[in-house]
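Just the heavy atoms: all of them, side chains too, but no hydrogens, waters or symmetry mates, feed the values below. Just so we're clear, the structure is a prediction, and the values are computed from it rather than from any experiment.
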Amino acid sequence: MERWVNEDGVQVLFEIFGASQRLILNSLDYREARFTKYQLYLMLALASKEVLTMSQAASSLGCSKEQATRLVTALVDGGYVERLHCEENRKLVLIQLTEEGSRMVACEKEAARESLRAELEVLSEEERNVFFQSMKQFAGMLRRMEAYSEEREALRKR
């Protein structure tokens with residue numbers, strides 16, 4: 001555990017984030033789709049979570065609620081995202097992809113797959129298998145850490 005709490009562990013995490021972000025951004029044609037990269041990130045987050053609160057949307061983008069609201073408004077105006085109100089708490093605003101938003105995300109993911117396929121050519125078959133398995137494990141660990149962080153945040157707000 002000590003390796004991950006010192007500066008070297010943090011540096012590795014930043015390197016993974018930066019490299020992943022560049023690979024993904026280079027594989028997506030968000031300019032042609034007239035999205036900012038953050039709007040596209042939000043749509044990808046919604047595709048995996050289905051529904052987000054505005055706080056969760058802001059957190060997933062690493063921005064303020066005000067900035068997230070502006071991003072969401074543009075996506076709502078474009079017909080890609082819709083706002084809903086929570087039945088239990090009418091003040092709580094939820095967002096989800098529309099059918100058009102889901103279609104757009106599916107198209108972008110397919111384009112990313114094709115682009116990333118070419119990027120993976122530099123690796124041998126064995127390396128690609130190791131890479132894929134490692135990414136699956138890493139993603140699972142990150143999801144557990146994220147869930148724990150969300151639970152702690154919810155407890156802190158009580």
Side-chain angles (χ1 to χ4, degrees), residues 1-28 30 33 35-106 108-109 112-113 116 119-120 128-158:
M1 169 102 113
E2 189 61 34
R3 290 182 301 177
W4 283 99
V5 294
N6 67 24
E7 190 172 320
D8 293 337
V10 171
Q11 181 62 36
V12 169
L13 199 54
F14 278 118
E15 287 174 20
I16 290 169
F17 173 75
S20 298
Q21 185 180 37
R22 283 186 299 280
L23 276 172
I24 291 167
L25 286 177
N26 289 338
S27 69
L28 298 172
Y30 60 90
F35 297 119
T36 67
K37 64 183 173 183
Y38 295 106
Q39 287 170 327
L40 192 52
Y41 287 164
L42 181 56
M43 290 173 63
L44 290 168
L46 283 168
S48 66
K49 298 273 186 168
E50 294 184 24
V51 176
L52 293 174
T53 66
M54 288 304 295
S55 295
Q56 290 169 327
S59 177
S60 74
L61 296 171
C63 68
S64 69
K65 286 185 199 175
E66 293 78 16
Q67 290 170 310
T69 298
R70 285 192 294 275
L71 290 168
V72 168
T73 297
L75 292 171
V76 168
D77 292 345
Y80 300 106
V81 170
E82 61 186 343
R83 288 187 180 102
L84 310 164
H85 289 280
C86 179
E87 293 298 321
E88 296 84 37
N89 179 354
R90 299 288 297 162
K91 291 181 182 180
L92 190 62
V93 177
L94 306 172
I95 57 172
Q96 69 180 15
L97 289 174
T98 61
E99 284 186 37
E100 180 61 26
S102 294
R103 277 194 295 276
M104 180 59 68
V105 168
E108 291 298 326
K109 281 183 176 181
R113 277 186 202 97
L116 289 172
E119 298 291 334
L120 290 169
R128 284 193 295 268
N129 289 334
V130 169
F131 179 77
F132 181 68
Q133 291 304 317
S134 298
M135 290 299 100
K136 282 177 54 175
Q137 289 176 338
F138 187 60
M141 289 181 253
L142 287 175
R143 282 192 293 274
R144 284 200 331 257
M145 291 168 64
E146 183 180 33
Y148 176 73
S149 179
E150 288 173 359
E151 288 173 13
R152 281 194 2 232
E153 182 66 21
L155 289 173
R156 188 184 66 79
K157 288 182 178 181
R158 288 183 187 168

Expected output: side-chain S102 to main-chain T98 donor-acceptor under 3.5 Å: yes
Distance-minimising heavy-atom pair for A57 and L42: CB-CD1, 3.7 Å
Heavy-atom closest contact (L97 atom, M43 atom, distance): CD1-O, 3.8 Å
Polar side-chain atom of S134 near backbone of V130 as donor-acceptor pair, under 3.5 Å: yes
Atom of S60, atom of A45 and distance for their closest heavy-atom approach: OG-CB, 4.1 Å
Ion pair check, E100 and R103, cut-off under 4.0 Å: yes
Between CZ on residue F138 and CD1 on residue I16, distance to nearest 0.5 Å: 4.5 Å
Any side-chain heavy-atom pair of T53 and L92 under 4.5 Å: yes
Interatomic spacing from CG in L120 to CZ in R113 - rounded to 0.5 Å: 13.0 Å
Separation of S20 OG from M135 CE (nearest 0.5 Å): 6.5 Å
Minimum side-chain heavy-atom gap L94-H85 below 4.5 Å: no
Salt bridge E146-K49, side-chain N to carboxylate O under 4.0 Å: yes
Among I95, L61, V81, V76, the one residue meeting side chain to side chain contact (heavy atoms under 4.5 Å, CB included) with L71: L61
Point-to-point distance, once rounded to the nearest 0.5 Å, from CD of E153 to OG of S55: 9.0 Å
Atom CD of E99 with >12 non-hydrogen neighbours under 6.0 angstrom: no
S64 versus Q67, side-chain donor and acceptor atoms under 3.5 Å: yes
Atom pair CZ (R70) and NZ (K65), whose distance is rounded to the nearest 0.5 Å: 14.5 Å
Modelled atom types, side-chain donor and acceptor of Q96 and E50, under 3.5 Å: no
CZ-CZ distance between R128 and F132, expressed to the nearest 0.5 angstrom: 13.0 Å
Test side chain to side chain contact (heavy atoms under 4.5 Å, CB included) applied to L44 and V105, step by step: CA-CA 7 Å; L44 290 168; V105 168; 3.9 Å; yes
Distance-minimising heavy-atom pair for Q39 and A74: NE2-CB, 3.1 Å
Any side-chain donor near an acceptor of the partner, T73 and R83, under 3.5 Å: yes
Atom CE of M141: over 12 foreign heavy atoms under 6.0 Å: yes
